[in-house]
Amino acid sequence: MFDIAVIGAGITGTFIARELSKYQLRVVIIEKDNDVANRTTKANSAIVHAGYDAAEGTLKAKLNVRGNEMYEVVCKELQVPFKRIGSLVIAK
């Protein structure tokens with residue numbers, strides 16, 4: 001028996017499960033594919049979104065900025081190399 005079921009084992013689902021695992025909860029991730037990160041996360045280009053592409057003041061913009069700020073801490077905790085190299089946005 002589990003307390004919480006997270007649907008989807010992409011980056012969002014796995015991070016939600018990771019955060020919930022810090023509490024005294026039994027968490028299960030349910031994924032329809034045969035492995036984690038097989039859909040949208042698999043096609044990720046490794047860009048850490050800064051929030052500049054979302055409409056100002058929206059929840060998406062706020063979450064992009066907050067998620068960006070979390071990367072260094074999470075990567076250090078998970079012992080994953082991470083280096084901020086910046087990005088160049090060109091509009092045509």
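Scanning for salt bridge (charged side-chain N to carboxylate O under 4.0 Å, His left out) contacts around E56 gives an empty result, with sequence neighbours left out. In this view, Q24 satisfies the side chain to side chain donor-acceptor pair (under 3.5 Å) rule with no residue, not counting sequence neighbours. Residues passing the side chain to side chain donor-acceptor pair (under 3.5 Å) test with E77 are R18, sequence neighbours excluded.
Going from atom CG of L25 over to atom CG of L20 covers 6.0 Å, rounded to the nearest 0.5 Å. Expressed to the nearest 0.5 Å, how far CD1 of I16 lies from OG of S21 amounts to 12.0 Å.
Residue I85 belongs to no hydrophobic cluster, having no ILVMFWY side-chain heavy atom closer than 4.5 Å to its own. Grouped by direct or indirect side-chain proximity (heavy atoms under 4.5 Å, Ile/Leu/Val/Met/Phe/Trp/Tyr only), F2 sits with V28.
Side-chain contact between V27 and D3 is absent, with no heavy-atom pair separated by less than 4.5 Å.
Both V74 and V48 belong to a common hydrophobic cluster when Ile, Leu, Val, Met, Phe, Trp and Tyr are linked at side-chain heavy-atom distances under 4.5 angstrom.
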Can you list, pair by pair, the side-chain donor-acceptor contacts under 3.5 Å of residues 61-69, counting residues two or more places apart and other chains?
{"unit_1": "N68", "atom_1": "OD1", "unit_2": "R84", "atom_2": "NH1", "d": "3.0"}
{"unit_1": "N68", "atom_1": "OD1", "unit_2": "R84", "atom_2": "NH2", "d": "3.1"}
{"unit_1": "N68", "atom_1": "ND2", "unit_2": "H49", "atom_2": "O", "d": "3.2"}

Side chains of residues 30-37: which donor-acceptor partners sit under 3.5 Å, not counting sequence neighbours?
{"unit_1": "E31", "atom_1": "OE1", "unit_2": "A9", "atom_2": "N", "d": "2.6"}
{"unit_1": "E31", "atom_1": "OE2", "unit_2": "D33", "atom_2": "N", "d": "3.0"}
{"unit_1": "D33", "atom_1": "OD1", "unit_2": "R39", "atom_2": "NH2", "d": "3.1"}
{"unit_1": "D33", "atom_1": "OD2", "unit_2": "R39", "atom_2": "NE", "d": "2.8"}
{"unit_1": "N34", "atom_1": "OD1", "unit_2": "N38", "atom_2": "ND2", "d": "2.9"}

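Counting only residues at least two apart or in different chains, ring pair (Phe, Tyr, Trp, His ring centres under 6.0 Å) contacts with residues 27-48 are absent. The list of ring pair (Phe, Tyr, Trp, His ring centres under 6.0 Å) pairs with a residue in residues 54-92, not counting sequence neighbours, reads Y71-F82. The ring pair (Phe, Tyr, Trp, His ring centres under 6.0 Å) analysis of residues 12-43, with sequence neighbours excluded, yields no pairs.
Between G10 and T14, the shortest heavy-atom distance links the atoms O-OG1, 2.8 Å. The two atoms that bring G13 and I29 nearest to each other are O-CD1, 4.4 Å, heavy atoms only.
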